**Q** 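For reference, the structure I am asking about is given below.
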Amino acid sequence: NQATVVITGASSGVGLQAARALAQKGWYVVMACRDLAKAEQAAQSLGMSPDSYKILPIDLGSLASVKQFVADFRSLGRSLDALVCNAAIYMPLIKEPLWSPEGYELTVATNHLGHFYLCNVMLEDMKRSSYPDRRMVILGTVTHNPDELGGKIPPRPDLGNLEGFEQGFKDPITMIDGKKFEPVKAYKDSKVCNVLTMRELHRRYHESTGITFTSLYPGCVATTALFRNHYPLFQKIFPIFQKYITGGFVTEELSGDRVAMVVADPEYKQSGVYWSWGNRQKKDRKSFVQKVSPQASDDQKAQKMWDLSAKLVGLA
Ligand code: NDP
């Protein structure tokens, strides 16, 4: 019986390459994407066999759309054996916040709240699967962690005491800590929430369900569209800088292979951990369990983040 994985944001970059790699490993891939034509073209351009994948619409920034996606997935009649939360936006240059249909700041709504809701609802689907090695994987990033080389560039992520979430996270509130809007920090904050969500899923559900919950830093994939909203000069220089100065550069293809390993390979069946291949890439470098930032390993913060996020997405 062919195992089924859902990957969000599989129309480009890391998610697309993860779809390709998992299909090559024999998985059936449900590509959850907001631009169906782009996703189809992307899958074809990598030579993915048409019977190895299905593209379904989702807009992670809209809770109504995530809900519809779950209904669409269920109507396929497949079991859910793995889920990869990969989609993300990064809007470093905007001066004013953008808003989701439900009225939340769009970066946190897309990267965190949409996935938080998806994980909670699809946990039920995964519980019903009889696949022996079910996994839920959420993409993290080194920039969540100011203690690591790649995470030192300001602004630092800081959820504060989640004052912004506590106050309902709607206009005029734009940041989780309730402070002034800062789009780069919003991205980093959302990725801290991704890691906290993974750890809290593990704490709440690993023992009772046997599901493996993990996160990973695939390396600096400096060529992806994640940087499309940055200055053109940055887009040109960043990959060169990462390749020749920091040594952090990873190809999109390798990043996808890494995600696929964390989803499917027996060595990665360890719940509650965050995998990394380090900041500097060396040939055939082995992965290891990386310590997450002090903020992302704060259990009290994780619980508070969980409770407030559940309220914001209408699950509590
Ligand atoms: P890309 O921009 O190439 O891919 C992001 C994907 O998310 C695209 O498929 C995009 O769709 C999709 N997406 C964005 N917004 C939405 C939405 N509202 N609804 C549905 N899909 C959406 O970036 P990367 O591949 O680089 O990033 C993927 C993940 O990897 C992210 O979680 C990122 O934080 C993480 N990561 C990336 C690193 C890097 O160096 N690039 C390093 C560490 C982590 P569309 O094609 O329609 O735009």
Side-chain angles (χ1 to χ4, degrees), residues 8-9 11-16 33-35 38 59-62 85-100 103-115 138-160 164-165 169 171-196 215-252 255 279 293 295-296:
T8 67
S11 52
S12 80
V14 180
L16 172 63
C33 299
R34 62 177 170 179
D35 183 337
K38 178 180 176 186
D59 176 358
L60 263 307
S62 153
C85 296
N86 163 81
I89 53 168
Y90 175 56
M91 302 280 193
L93 303 181
I94 56 175
K95 300 275 177 265
E96 297 295 327
L98 302 169
W99 302 99
S100 77
Y104 301 132
E105 186 281 315
L106 194 61
T107 302
V108 169
T110 304
N111 303 0
H112 166 56
L113 292 173
H115 282 130
I138 308 179
L139 267 287
T141 174
V142 70
T143 52
H144 96 274
N145 191 352
D147 285 357
E148 277 194 75
L149 182 69
K152 288 215 185 295
I153 304 160
R156 293 182 165 214
D158 185 2
L159 307 187
F165 269 7
F169 202 52
D171 196 7
I173 296 159
T174 58
M175 300 294 285
I176 297 176
D177 63 7
K179 294 192 179 148
K180 198 172 150 274
F181 181 63
E182 214 301 290
V184 175
K185 181 175 175 294
Y187 172 78
K188 294 181 181 180
D189 286 352
S190 75
K191 299 308 285 185
V192 171
C193 287
N194 286 159
V195 179
L196 288 171
S215 190
L216 75 147
Y217 172 56
C220 183
V221 203
T223 52
T224 72
L226 195 67
F227 307 103
R228 85 196 90 177
N229 297 308
H230 221 305
Y231 298 112
L233 188 64
F234 175 90
Q235 292 176 34
K236 225 184 192 153
I237 289 173
F238 189 51
I240 300 171
F241 176 74
Q242 291 294 345
K243 239 183 221 164
Y244 301 109
I245 313 277
T246 68
F249 182 83
V250 165
T251 63
E252 294 179 30
S255 72
N279 278 306
S293 73
Q295 194 172 203

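Since this is a predicted model, take the numbers as computed values, not measurements. No hydrogens, no waters, no symmetry mates; every other heavy atom, side chains included, goes into these values.
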**Q** Looking only at heavy atoms, which two atoms of Phe165 and Val108 are closest? And how far apart?
**A** CZ-CG1, 3.9 Å
**Q** So Cys220 and Val142, do their side chains get closer than 4.5 Å, heavy atoms only?
**A**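 No. Closest side-chain heavy atoms not under 4.5 Å.
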**Q** How long is the span from the NZ atom in Lys179 to the CD1 atom in Ile173, to the nearest 0.5 Å?
**A**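 Going from the NZ atom of Lys179 to the CD1 atom of Ile173 covers 14.0 Å.
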**Q** From Thr141 OG1 over to Tyr187 OH, what is the distance, rounded to the nearest 0.5 angstrom?
**A**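 Spacing of OG1 (Thr141) from OH (Tyr187) equals 4.5 Å.
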**Q** Between the main-chain N or O of Ser62 and the side-chain N or O of Ser100, is there a donor-acceptor pair closer than 3.5 Å?
**A** no
**Q** Could you state the interatomic distance from CD (Gln295) to CG (Asp158), rounded to the nearest 0.5 Å?
**A**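 Those atoms lie 5.5 Å apart.
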**Q** For residues Val221 and Thr251, determine if any side-chain heavy atom of one lies less than 4.5 Å from a side-chain heavy atom of the other.
**A**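 Val221 does not reach Thr251 side chain to side chain.
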**Q** What are the two closest non-hydrogen atoms of Glu252 and Ser255, and how far apart are they?
**A** O-OG, 2.7 Å
**Q** Is Ile153 atom CD1 crowded by more than 12 heavy atoms from other residues, nucleotides or ligands, each under 6.0 Å away?
**A** no
**Q** Between Ala87 and Thr8, what is the shortest heavy-atom contact and its length?
**A**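 Closest pair (atom of Ala87, atom of Thr8, distance): N-OG1, 3.0 Å.
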**Q** Might you confirm whether atom CZ of Phe234 has over 12 heavy atoms from other residues, nucleotides or ligands at distances under 6.0 Å?
**A** yes
**Q** Name all pairs fulfilling the salt bridge (charged side-chain N to carboxylate O under 4.0 Å, His left out) condition that reach into residues 183-193, sequence neighbours left out, sorted by first residue then second.
**A**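 Non-adjacent pairs meeting salt bridge (charged side-chain N to carboxylate O under 4.0 Å, His left out): Asp177-Lys185, Lys185-Asp189.
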**Q** Do you know which two heavy atoms are closest between Pro146 and Lys152, and how far apart they sit?
**A** O-NZ, 3.1 Å
**Q** If every non-hydrogen atom of Phe249 is compared with every non-hydrogen atom of Ala222, which pair is closest and at what distance?
**A** CD1-CB, 4.0 Å
**Q** Tell me whether Asn194 contacts the main-chain N or O of Gly140 through its side chain, where contact means a donor paired with an acceptor under 3.5 Å.
**A** no
**Q** Quick one: closest heavy-atom pair of Pro97 and Glu105, and the distance?
**A** CB-CG, 4.3 Å
**Q** Within a strict 4.5 Å, meaning less than it, do heavy atoms of the Tyr90 and His230 side chains meet?
**A** yes
**Q** Is any side-chain heavy atom of Ile89 less than 4.5 Å from a side-chain heavy atom of Leu98?
**A** no
**Q** So how far is it from Leu16 CG to Lys38 NZ, rounded to the nearest 0.5 Å?
**A**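 Here the interatomic distance stands at 9.5 Å.
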**Q** Would you say the side-chain atoms of Gln235 pair up with the backbone N or O of Phe227, donor to acceptor, closer than 3.5 Å?
**A**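 Confirmed, Gln235 side chain pairs with Phe227 backbone.
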**Q** Starting at CD of Glu182, measure out to NZ of Lys95 and round the result to the nearest 0.5 Å.
**A**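 Rounded to the nearest 0.5 Å, the CD-NZ separation comes to 9.5 Å.
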**Q** Distance from Leu106 atom CG to Thr174 atom OG1, nearest 0.5 Å?
**A**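 That separation rounds to 12.5 Å.
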**Q** Using atom types as modelled and distance alone, determine if a side-chain donor or acceptor of Asn229 lies under 3.5 Å from a backbone N or O of Pro92.
**A**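 No.
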